[in-house]
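Beneath this line is the structure, given in structure tokens, with notes to follow.
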Protein chains: 2
Amino acid sequence: MSVEQPDMPELKIESGSGAETNVEPLKLGQRLREIRKNMQLTLEEASQKTGLARSTLSKIENEQISPTFTAVQKLAHGLNIDIPQLFAAPKNAMASGRRVLTRAGEGTSHPTSTYEHELLCTELANKRMIPFKTRVRARSFDDFTDWVRHEGEEFLLVLEGEVALYTEFYEPIALQEGDSMYYDANMGHGLISLSNQDALVLWVVAR
Amino acid sequence: MSVEQPDMPELKIESGSGAETNVEPLKLGQRLREIRKNMQLTLEEASQKTGLARSTLSKIENEQISPTFTAVQKLAHGLNIDIPQLFAAPKNAMASGRRVLTRAGEGTSHPTSTYEHELLCTELANKRMIPFKTRVRARSFDDFTDWVRHEGEEFLLVLEGEVALYTEFYEPIALQEGDSMYYDANMGHGLISLSNQDALVLWVVAR
DNA sequence: CAACAAAATTTCCTATAGGAAACTTAATTA
DNA sequence: TAATTAAGTTTCCTATAGGAAATTTTGTTG
């Protein structure tokens with residue numbers, strides 16, 4: 001086992017589809033206003049995008065009327081948001097208006113037998129992506145006891161050296177510096193270095 | 001460039017963010033009827049559970065009216081289904097068990113006045129992350145007419161050269177090769193090269 | 001702080017959603 | 001097949017959503 005996995009910052013588990021019992025308050029108007037503000041749109045602009053009248057939008061946001069389903073559709077479509085998102089409780093989102101820096105080599109080190117991970121930008125919680133640079137020490141697929149496999153998607157860019165990406169369902173593939181791959185992380189995967197040097201790759205995981 | 005891939009249903013190419021103009025169909029009525037039938041409820045029973053009139057339910061199911069949002073809430077609550085499920089636009093997830101390769105320099109080029117983007121791994125649709133390498137041509141912040149700003153989060157790694165990241169709310173910050181940043185993309189941002197060469201960066205966006 | 005501009009709200013009217021009851025259709029039984 | 005009943009639909013009316021324009025509020029500039 002243990003092809004090690006970089007320990008991901010704490011992730012909240014998705015609330016199961018628990019049977020709700022009471023009518024959610026769900027302030028559609030409020031949420032809509034937030035969304036519009038974030039997009040920096042005036043009512044007029046939102047009106048043009050959605051095809052709904054300024055006045056109507058205003059009333060919806062102020063909870064003076066309950067929009068019809070067709071109105072909601074126009075809203076969602078015009079503002080390019082999907083409907084569930086409109087009704088979903090605000091995500092456990094990363095703090096907005098934030099940025100964080102990690103200087104070269106200053107990430108959080110996380111060594112294992114096959115890889116040496118350097119986690120980047122860890123000071124920021126609740127990120128949608130987990131970026132890390134990895135020094136690939138493994139030289140043979142046998143160095144792994146089993147596939148690494150986890151929820152989400154993974155992007156890979158070779159920074160230095162030459163590697164082979166092993167995945168289930170496919171043949172191993174050789175990658176040179178500058179090559180990149182994107183794959184479903186539920187599919188077993190693992191990297192080895194093909195040269196006698198360790199290789200260096202960038203990995204970004206989205207859960 | 002493209003690699004071996006086992007025979008699998010062909011993949012949709014990433015849909016450009018073309019502004020759609022007309023409203024999706026989404027037959028709410030039909031879906032509602034299915035759900036009610038599955039629960040083996042008559043209109044009368046559904047009416048009692050939801051507090052909506054028999055006639056109203058009938059009209060909704062037959063798509064003669066477009067229910068208000070409050071009506072939808074009553075429906076969802078009374079029948080114990082959550083709203084997203086009602087709208088269940090088919091998940092739109094990336095095809096599972098897939099991987100895709102982009103060789104160095106083989107991405108899809110996308111030049112602008114200030115940047116030259118090379119989109120990576122575009123053959124795979126519906127990804128959670130959009131990775132691209134960017135050649136930074138801008139030399140001064142004045143080259144930009146306005147902040148770039150969009151939903152989501154952004155990860156940045158400097159591959160070559162030296163850049164300055166400008167963001168709202170913060171001072172510009174100089175980044176050397178190997179430095180990385182992570183930030184809220186709703187916050188205005190822009191990159192310039194600090195040397196007299198173009199700089200090269202990797203960008204990954206999660207919407 | 002006056003004067004103007006831009007954004008948001010309110011008004012007023014028309015179109016349409018929602019409910020009660022009448023009506024129609026489907027299913028069951030004598 | 002008529003009678004009965006239970007399901008679904010339609011009608012008709014009232015309440016309310018949606019749009020155009022007037023009004024108010026908020027923000028800028030001289």
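Please read all numbers here as calculations on a predicted model, not as lab measurements. Proteins come first, then strands; the chains are lettered A, B, ... in the order of their sequence lines, and each starts at number 1.
Applying the side chain to side chain contact (heavy atoms under 4.5 Å, CB included) test between Cys121(A) and each of Ile130(A), Thr108(A), Leu101(A), Val100(A) identifies Val100(A) as the sole match.
We find that CD of Gln64(B) is positioned 8 Å from P of dT9(D), with the value rounded to whole Å. The CD1-C1' distance, from Ile60(B) to dT16(C), rounds to 13 Å in whole Å. Rounded to a whole Å, the CD atom of Glu44(B) is 12 Å from the C1' atom of dA20(C). Regarding Glu63(A), its CD atom lies at a distance of 12 Å from the P atom of dT9(C), rounded to whole Å. Straight-line distance from the CG atom of Asn62(A) to the P atom of dA17(D): 14 Å, rounded to whole Å. Rounded to whole angstrom, the span from the CG atom of Leu43(A) across to the C1' atom of dT9(C) amounts to 9 Å. Following rounding to the nearest Å, Met39(B) (CE) and dA7(D) (P) show an atom-to-atom distance of 18 Å. Distance, Leu41(B) CG to dA7(D) P: 11 Å, rounded to whole Å.
Both Thr56(B) and Gly51(A) lie close to DNA chain D; mapped to their nearest nucleotides by heavy-atom distance, the more 5′-ward contact belongs to Thr56(B).
The nearest pair of heavy atoms linking Thr114(B) to Asp143(B) is CG2-O, 3.6 Å.
Note: Phe132(A) and Phe155(B) fail the aromatic proximity criterion, with ring centroids not under 6.0 Å apart.
Candidate nucleotides dT9(C), dA7(D), dG18(D) were compared by shortest atom distance to the side chain of Thr42(B), and dA7(D) ranks first.
Taking 4.0 angstrom as the limit, Arg54(B) places none of its side-chain polar atoms (N or O) nearer than this to OP1 or OP2 of dC23(C).
Judged by atom type and distance alone, Lys59(A) reaches the base of dG19(D) through a side-chain donor-acceptor pair under 3.5 Å.
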